[in-house]
Amino acid sequence: MPKHDHPIRTRYAPSPTGPQHIGGIRSALFAWLFARRHGGQFILRIEDTDQKRSVPGSVEQIMAAFDWLGVDIDEGPRIGGDYGPYVQSQRLEMYQQWANWLVAQGHAYRCFATSEELAEMRKAGRGYDRRYRDFPAEHSDEQAAQGMPHVIRFKMPLAGRTRGCDMIRGEVAFDNAQLQDAVLLKSDGFPTYHLAHIVDDHTMRISHITRAVEWLPSFPLHLQLWHAFGWEMPQYAHLPVLLNPNGKGKLSKRKQQFADSRGKTVPVLMQEFQAAGYLPEAVVNFLTNIGWNFGDDQEVFAVKAAIPRFDLQAVNPANSAYPIAKLDWLNSQWVQRLPADDLARRLKPVLEAAGYAVDEALLREVAPSLKVRLKSLNDVVGMAGFFFENWSEFTPPAAEILIQRKMDAASTLAILRGALPVLESLEDFSAEAQYSAFSAYAASSGQKNGAVFGSLRAAASGQKVSPPTFDTMQILGKAESLRRVKLAVAALENAAP
RNA sequence: GCCCCAUUCGUCUAGCGGCCCAGGACGUGGCCCUCUCAAGGCCAAAACAGGGGUUCGAGUCCCCUAUGGGGCACCA
């Protein structure tokens, strides 16, 4: 590993095609981690040289995604920096200038082939036949001066091998004879990725280029291009990609969330993760754990702790099936580790989105008992939404919810009736006090705890599944709890007098 | 078709020649705990793709095959 006397600078260079895909974000995350690890900079650059594919508002979406994840950007559009502009369509002159320089140096040439000619060559078999590679310079200059449409192509060596070093895979080699004279500058004056990324990465002083493995086949072209320019070459790292959960095909082909073979929703867009109620900490943890690992058999960790340990060379070169099931577990781990007030803060918008007017003090009381029960933030609605209903409008649940397993209306009625004086007698209404009072009540009335506690749960919460009964009643308060149990008693009396 | 890359439990991974009759995690199954749901604890099943080498010794190095992924655009 050669020592770098230049600062470490990495970049994420997406096309502005709209919502951010998890695959791209993962690559960006690795680049960011590497930059942070070495105290360097992380740059955002927009590669909008294919105008047809540009979607307005993309930059905002990209930045929002990073913001949510906690990935901070040092330089980029809307942020600025010393090496801008950070949008390729604003750097056109630079590419044209360097493309012409390559032509002047004899490393590239103008190609006047029409798209019809190209289509024919493709049909015939081997792609572009380099028919303008040795076109005399004076003719080429003349035709260009006459305004004849043309592209600029790179003169790839015709024989030999191009060798390069990939930080993740080590040495890679390619036969030059296999490679084509790639287009560097399109006839509309826009550069292709090949030219643009090199000019940009050079002028932006990028030290390490990270990109997905699908770029590996064009790596030799890039190697030759760096050589032709005579510029000091950054290190390249071709990152493995995410495959579909079944291991078949690239995940990046999926344009939005989908259901896997077991019917589980598999999110792929950043906004889908957010909407599904995942914590950004968990998502980062999840992504960092694919193709790289923290070490010490530790699965749950914060990015902050990962940074000092991160290394591109330790990245697993193999692509991996998207282990989405692990995210649910990771998310619940993170929810459990969150301080209650923090959890409450994050739950608030979820409840509001579900239509509840949220009392923050109440939420903070509820939060502790939710910690071990939420896989996703969204689970709060089903589990504890009832706390945020208008209490005065509470209606007792149907008999099938009130009546516990192996019980009937009569026995449930008996339990609840008997529970009323117990409730009333409680001066200390803490969950602990309730617990001892009601276990004593259960014992004396010959009932199992489960029967008593369960009946009370249903009466107080209106649900079969809820936070622990006495936590629930403590939060509801004595008066409200009593009122609800009475309502349940009345309901049962009406149903089966 | 040609080229490139990869290949350890179902999945994510540890392993960089002896510490491995292969470790962790998710998931799955069982048991325990238990007022529901969870969480937690314990246990279990589960892998070095196949074949050749190299070596005293190979999951670890080399070759071949197979499989998977990717690339062969005036898209990135």
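Proteins come first, then strands; the chains are lettered A, B, ... in the order of their sequence lines, and each starts at number 1. Atoms considered below: every heavy atom in the structure, side chains included; atoms not considered: hydrogens, waters and symmetry mates.
B:rU67 is paired with B:rA6 under the criterion used here, namely a Watson-Crick or G-U wobble arrangement in which both key atom distances are under 3.5 Å. Nucleotide B:rC21 forms no Watson-Crick or G-U wobble pair with any nucleotide shown, as no partner meets the under 3.5 Å limit on both distances. Here B:rU55 sits opposite no nucleotide as a Watson-Crick or G-U wobble pair (both hydrogen-bonding atom distances under 3.5 Å). Pairing of B:rG27, defined by two Watson-Crick or G-U wobble distances under 3.5 Å, is not identified with any nucleotide.
The aromatic ring centroids of A:F66 and A:Y12 lie less than 6.0 Å from each other. Aromatic rings from A:Y109 and A:Y132 are positioned such that their centres are separated by 6.0 Å or more. Aromatic pair A:H227/A:H107: ring centres not closer than 6.0 Å. Between A:F470 and A:F453, the distance from one ring center to the other falls under 6.0 angstrom.
Contacts of A:V151 with the nucleic acid, taken as non-hydrogen atoms under 4.0 Å apart, include base atoms. Using a 4.0 Å heavy-atom distance criterion, A:T469 is classed as a base contact. Nucleic acid contact for A:A460: none, since no nucleic acid atom lies under 4.0 Å from a heavy atom of the residue. A:G127 comes within 4.0 angstrom of nothing in the nucleic acid, heavy atoms only. If you check every strand for non-hydrogen atoms under 4.0 Å, A:V172 touches sugar and phosphate atoms only. Note on A:P16: nothing from the nucleic acid sits closer than 4.0 angstrom, heavy atoms only. Residue-level contact check: A:S218 touches neither bases nor backbone, having no heavy atom under 4.0 Å from any strand. Contacts of A:A173 with the nucleic acid, taken as non-hydrogen atoms under 4.0 Å apart, involve only primed sugar atoms and P, OP1 or OP2. Note on A:K52: nothing from the nucleic acid sits closer than 4.0 angstrom, heavy atoms only.
Rounded to an integer number of Å, the gap from CZ of A:F286 to C1' of B:rU13 is 13 Å. Residue A:L242 contributes atom CG, which lies 14 Å from atom P of B:rG69 at whole-angstrom precision. The nearest whole Å value for the distance from the CG atom in A:L195 to the P atom in B:rC74 is 14 Å. The distance from atom CG of A:L216 to atom P of B:rG68 is 20 Å, rounded to the nearest whole Å.
Distances shown here put a side-chain N or O of A:K250 below 4.0 Å from the OP1 or OP2 atom of B:rG71. At B:rC3, none of the side-chain N or O atoms of A:R161 fall inside 4.0 Å of OP1 or OP2 (strictly under the cut-off). Side-chain N/O atoms of A:K264 include none lying less than 4.0 angstrom from OP1 or OP2 on B:rG27.
Comparing B:rC35, B:rG70, B:rC3 against the side chain of A:F453 picks out B:rC35 as the nearest. Side-chain proximity of A:D50 to the nucleotides B:rC74, B:rA76, B:rG70 is greatest for B:rA76. Of the listed nucleotides (B:rC35, B:rC75, B:rG24), B:rC35 has the atom at the smallest distance from the side chain of A:R457. Candidate nucleotides B:rA73, B:rC26, B:rC35 were compared by shortest atom distance to the side chain of A:Q180, and B:rA73 ranks first. The side chain of A:D297 has B:rG24 as its nearest neighbour among B:rC74, B:rA76, B:rG24.
Nearest-nucleotide positions on RNA chain B for A:W215 and A:A451 put A:A451 closer to the 5' end. Nearest-nucleotide positions on RNA chain B place A:F174 closer to the 5' end than the other of A:Y435 and A:F174.
When the shell of 6.0 Å around CD of A:E93 is examined, it contains 12 or fewer heavy atoms from other residues, nucleotides or ligands.
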Below 3.5 Å between N/O atoms, which protein atoms pair up with nucleotides 6-12 of chain B? Just atom names and distances, please.
residue, atom, partner, partner atom, Å
B:rC12, OP1, A:A321, N, 2.8
B:rC12, O2', A:N289, O, 3.1
B:rC12, O2, A:K326, NZ, 2.9

Restricting both atoms to N or O, compile the protein contacts to nucleotides 37-40 of chain B shorter than 3.5 Å, with distance only.
residue, atom, partner, partner atom, Å
B:rC37, O2, A:R373, NH1, 3.2
B:rC37, N3, A:R373, NH1, 2.4
B:rC37, N4, A:R373, NH1, 3.4
B:rA38, O2', A:V372, O, 2.2
B:rA39, O4', A:V372, O, 3.4
B:rA39, O3', A:Q336, NE2, 3.2
B:rA39, O2', A:Q336, OE1, 3.1
B:rG40, OP1, A:Q333, NE2, 3.0

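Both tests hold for A:R309 against A:F294: distance to the six-membered ring centre under 6.0 Å, angle to the ring axis within 45°. Annotation: cation-pi pair A:R26/A:F30 present, NZ/CZ under 6.0 Å from the ring centroid and within 45° of its normal.
A donor and an acceptor atom, one from each side chain of A:D48 and A:S89, are located under 3.5 Å apart. Between the side chains of A:D200 and A:Y86, no donor-acceptor pair is found at a separation under 3.5 Å. No hydrogens or angles considered: a donor-acceptor pair under 3.5 Å links the side chains of A:W334 and A:N285. No hydrogens or angles considered: nothing links the side chains of A:H197 and A:R11 as a donor-acceptor pair under 3.5 Å.
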Apply ring-ring contact (aromatic ring centres under 6.0 Å, His included) to A:W292 and A:F310, showing your working.
CA-CA 8 Å; A:W292 184 79; A:F310 187 80; 5.2 Å; yes
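On a pure distance criterion of 3.5 Å, no polar donor-acceptor pair joins the side chain of A:S115 and the base of B:rC74.
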